[in-house]
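Reviewing the structure listed below.
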Amino acid sequence: MSFSLHGVGVAKGVAIGPVHILRPQVEINEFSISDNQLPEEIARFKSALDLAQQELHRIREQMPLIYPVREHHDTVLEDFEIASFIDPHMLMLEDSMLTQVPIDIMLEEKCNAEWALQIQRERLVKVFEAIDDAYLRARKDDIIQVVTRIQMCLLRQKGLLEENPLPPPAGSIVLADDLTPADTALMLHQGIKGFITEFGGATSHTAIVARSLGIPALVGVRHARRYIRNTDTLVIDGYRSTAIVNPEQKSLQFYKALQLELKRHRHQLGKLKKAPAITQDGVDINLEANIEYPADLTAVNRVGAQGIGLYRTEFLYMHRDNQQPPNEEEHYQSYLQVVKALDGTVTIRTLDLGADKQVEGISYKKGAALATNPALGLRAVRLCLKELKLFKPQIRALLRVAVEGKIKVMIPMVSGLQEIHQVKRLFDECARELSQENIPHNRDLEIGAMVEIPSMALCTDFFLPHVDFLSIGTNDLIQYTLAIDRVNEDVSYLYNPLHPAVLRLLKIILQHAEKAAKPVSMCGEMAGDARYVRLLLGLGLRNFSVSPEILLEVKEIIRHSHVKRLTKLADKLLKTADPQTIDAIVSEMNNPA
Ligand code: PEP
Ligand code: MG
């Protein structure tokens with residue numbers, strides 16, 4: 001019988017194949033252990049810890065093997081980044097919260113090791129769930145994954161775990177309760193077509209790795225193992241966040257045809273690499289790429305982006321061993337690497353830590369109380385202006401790298417003019433210091449600001465004389481305009497780029513910039529969303545910066561657009577607040593009669 005299940009699609013695409021249930025549902029039961037059996041039970045627990053460590057070591061050693069098979073995928077995550085997802089698990093396996101506390105529980109409760117771990121898992125999950133910060137809260141998944149790994153080792157020792165043979169056969173779709181990022185990273189190497197998990201969210205590390213490797217995947221498919229059997233045929237539709245179990249012949253044909261179509265489309269899009277981003281009525285559009293790591297340059301060059309419209313430098317501060325911020329030389333080297341690898345201009349955004357991007361010891365101090373509203377607190381330029389020791393090495397590196405290539409500097413989360421003046425004064429001060437130290441630098445670089453806060457959007461005319469360019473960060477602009485935490489799934493249904501207030505603000509910014517004859521770009525996700533590209537053209541946007549994966553699709557849309565027609569429709573759109581009328585106009589923009 002055919003049926004479908006729904007989850008959260010974390011990587012787009014379609015996968016078809018036989019199911020391979022990686023881990024059957026296992027129950028963790030409680031047993032009493034007598035005093036004289038306890039030493040043996042503790043020894044069993046310790047050897048399971050060793051086994052779990054060995055498993056992780058093995059996976060880590062296999063890492064370099066994974067990458068040569070990724071020729072069709074973007075090199076978004078480097079080996080060291082994948083490893084950085086495994087290392088925390090290895091560290092947790094050495095932490096007394098998992099090595100000693102379960103033993104204490106065993107001694108106290110006189111229970112088996114699996115049960116003691118289950119008790120400790122529940123306690124730790126509660127602690128993590130109470131954390132305000134979404135990123136840290138999501139780390140509870142790591143705890144669950146590590147505890148499950150140890151429990152599996154314990155059950156295996158007792159011959160209680162009936163597992164499917166590992167590795168799963170090439171061509172299969174893996175179904176599991178949860179997968180670690182390490183499991184996921186191995187999948188491409190093993191020829192796995194896609195995966196489904198019962199747990200996990202869209203921002204988990206597992207989801208990040210799946211997206212980066214381009215493996216169609218669904219997470220959070222509740223009770224999937226209750227309904228799906230080994231060797232059932234499965235279709236993962238990552239676009240509609242659906243899994244179809246034992247599809248009817250017609251449905252199977254549809255998805256096979258869709259797979260072919262997607263492959264053909266990808267191939268066709270590849271041909272647009274050198275084509276200009278120009279509309280049907282001859283309007284030239286500047287199309288740039290967003291990057292997080294220098295490693296993203298492979299993908300940028302593959303799609304032939306005209307430049308980098310957003311380089312999010314805060315990733316330089318993450319995954320660090322020593323909890324020390326990068327020094328001036330590290331900043332300089334990573335910017336230099338990007339500048340040297342590209343012909344176009346590189347727009348480097350100054351540090352934007354805080355809110356959902358926190359780094360212990362840098363954006364918050366260990367043990368300090370967490371801010372009640374971190375997104376409205378000490379974030380981005382506010383943090384930089386408070387912590388000059390953090391900011392000045394970045395500014396000095398930027399001034400130095402400006403000698404080597406064409407860069408622009410962009411300030412995030414500006415809410416008032418004084419912040420721009422303060423940043424510029426710091427650039428002057430650092431330039432003076434570099435002159436005194438006889439270090440080559442270039443103060444003649446363009447400094448722009450991101451428009452992410454309504455206070456700035458409404459007053460762009462006042463800001464424009466003081467900046468060289470603007471870039472609209474819609475991810476935050478929408479969050480702050482509609483008062484919707486962008487990482488809170490409970491209110492995500494209200495996160496609407498088509499809200500009349502958002503559209504009005506965009507129009508205001510674009511009109512002011514046009515009047516002042518200053519360039520304005522958009523680097524938020526809205527610019528790379530195929531549904532909104534024509535709307536943005538109609539509103540007057542001429543500079544887009546999008547993720548490299550989507551860049552050629554955006555270019556294709558631009559090349560099939562007519563700005564004059566879209567401008568008229570956008571004017572109509574700005575006159576209504578009725579959601580149905582708005583949808584109808586956007587559809588008309590995207591599907592000309
Ligand atoms: C934005 O807010 O739209 C943006 C590009 O910045 P980030 O997503 O890094 O906050
Ligand atoms: Mg932002």
Side-chain angles (χ1 to χ4, degrees), residues 76 133-135 202-203 208 211 287-293 296 300 305 307-318 346-359 362-363 373-384 394 408-415 419 423 448-457 460 469-488 492 495-499 501-503 505-506 509-510 519-529 532-533 535-536 539 541 543-551 554:
V76 177
D133 177 81
Y135 179 82
T203 57
I208 295 169
R211 260 197 297 274
L287 189 50
E288 297 186 319
N290 293 349
I291 62 167
E292 275 87 46
Y293 298 98
D296 297 341
V300 171
I308 302 294
L310 167 64
Y311 177 5
R312 289 181 163 99
T313 58
E314 53 276 6
F315 285 85
L316 207 61
Y317 296 74
M318 298 180 182
V346 181
T347 311
I348 305 178
R349 180 172 78 179
T350 56
L351 171 66
D352 181 10
L353 281 181
D356 62 328
K357 286 176 280 189
Q358 299 280 358
V359 176
I362 299 178
S363 61
N373 284 313
L376 303 182
L378 204 54
R379 180 190 164 183
V381 71
R382 301 171 181 188
L383 176 72
C384 289
Q394 177 167 45
K408 292 191 212 170
V409 173
M410 183 153 85
I411 315 164
M413 212 196 168
V414 173
S415 62
E419 286 160 333
V423 171
M450 289 193 73
V451 192
E452 303 188 279
I453 299 185
S455 60
M456 173 157 182
T460 24
F469 65 94
L470 292 177
S471 185
I472 309 172
T474 47
N475 308 341
D476 279 313
L477 185 61
I478 297 170
Q479 149 165 278
Y480 294 126
T481 304
L482 304 181
I484 292 154
D485 184 344
R486 64 193 256 201
V487 292
N488 183 340
S492 60
Y495 192 93
N496 179 16
L498 295 181
H499 191 292
V502 175
L503 300 179
L505 284 179
L506 294 180
I509 302 163
L510 291 165
V520 56
S521 167
M522 181 182 288
C523 60
E525 293 299 298
M526 190 176 178
D529 191 321
Y532 307 133
V533 172
L535 157 65
L536 294 170
L539 287 173
L541 186 72
N543 301 288
F544 290 66
S545 187
V546 304
S547 135
E549 276 106 298
I550 194 86
L551 190 137
V554 172

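Ligands are counted one by one from 1 in listed order, and the atoms in each one are counted from 1 as well.
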I'd like to check which ligand 1 atoms, numbered from 1 as shown, lie under 4.0 Å from a non-hydrogen atom of [X].
{"X": "Leu310", "value": "5 (C)"}
{"X": "Arg312", "value": "4 (C), 5 (C), 6 (O), 7 (P), 8 (O), 9 (O)"}
{"X": "Met450", "value": "4 (C), 5 (C)"}
{"X": "Gly473", "value": "1 (C), 2 (O), 3 (O)"}

**Message:** Below 4.0 Å from ligand 1: does a non-hydrogen atom of Met526 turn up there or not?
**Reply:**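 Checking ligand 1 against Met526, which is what was asked, there is no heavy-atom contact under 4.0 Å.
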**Asked** Would you say Arg379 contacts ligand 1, with heavy atoms under 4.0 Å as the rule?
**Response**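 Yes, Arg379 has a heavy atom closer than 4.0 Å to ligand 1.
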Is any side-chain heavy atom of [X] closer than 4.5 Å to a side-chain heavy atom of [Y]?
{"X": "Leu536", "Y": "Leu506", "value": "yes"}
{"X": "Phe469", "Y": "Thr347", "value": "yes"}
{"X": "Val502", "Y": "Asn496", "value": "no"}

**Request:** Please report the C-alpha distance between Cys523 and Met410 in whole Å, then the side-chain angles of each, then the deciding distance to 0.1 Å, and finally whether the side chain to side chain contact (heavy atoms under 4.5 Å, CB included) criterion is met.
**Result:** CA-CA 11 Å; Cys523 60; Met410 183 153 85; 4.3 Å; yes
**Prompt:** Which distance, rounded to the nearest 0.5 Å, do you find between the CD of Gln394 and the OH of Tyr317?
**Reply:**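 Interatomic distance, Gln394 CD to Tyr317 OH, rounded to 0.5 Å: 4.0 Å.
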**Asked** Taking N or O atoms only and a 3.5 Å limit, does Arg349 qualify as a polar contact for ligand 1?
**Response**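 N/O-N/O distance under 3.5 Å: yes.
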**Item:** Short N or O distance, Glu525 and ligand 1, threshold 3.5 Å exclusive
**Value:**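 There is no such contact.
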**Request:** Closest by any non-hydrogen atom to atom 1 (C) of ligand 1: pick that one out of Val451, Asn475, Leu477.
**Result:**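 Looking at heavy atoms only, Asn475 sits closest to atom 1 (C) of ligand 1.
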**Request:** List in chain and number order the residues that pass side chain to side chain contact (heavy atoms under 4.5 Å, CB included) with Asp476, two or more places apart in sequence or in another chain; answer none if no residue qualifies.
**Result:**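 For Asp476 the side chain to side chain contact (heavy atoms under 4.5 Å, CB included) partners, ignoring immediate neighbours, are Arg379, Glu452, Gln479, Tyr480, Arg486.
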**Prompt:** Considering residues at least two apart in sequence or located in another chain, which fulfil the side chain to side chain contact (heavy atoms under 4.5 Å, CB included) criterion with Ala380?
**Reply:**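 Applying side chain to side chain contact (heavy atoms under 4.5 Å, CB included) to Ala380 gives Asp352, Pro412, Met413.
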**Prompt:** Can an N, O or S atom be found in Glu452 less than 2.8 Å away from the Mg ion (ligand 2)?
**Reply:**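 Glu452 does place an N, O or S atom closer than 2.8 Å to the Mg ion (ligand 2).
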**Item:** Atom name, Asp476 (N, O or S, nearest to the Mg ion (ligand 2))
**Value:**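 Of all N, O or S atoms in Asp476, the Mg ion (ligand 2) lies closest to OD2.
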**Message:** With side chain to side chain contact (heavy atoms under 4.5 Å, CB included) as the test, pick out the partner of Leu470 among Met522, Met456, Met450.
**Reply:**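 When side chain to side chain contact (heavy atoms under 4.5 Å, CB included) is applied between Leu470 and each of Met522, Met456, Met450, only Met456 qualifies.
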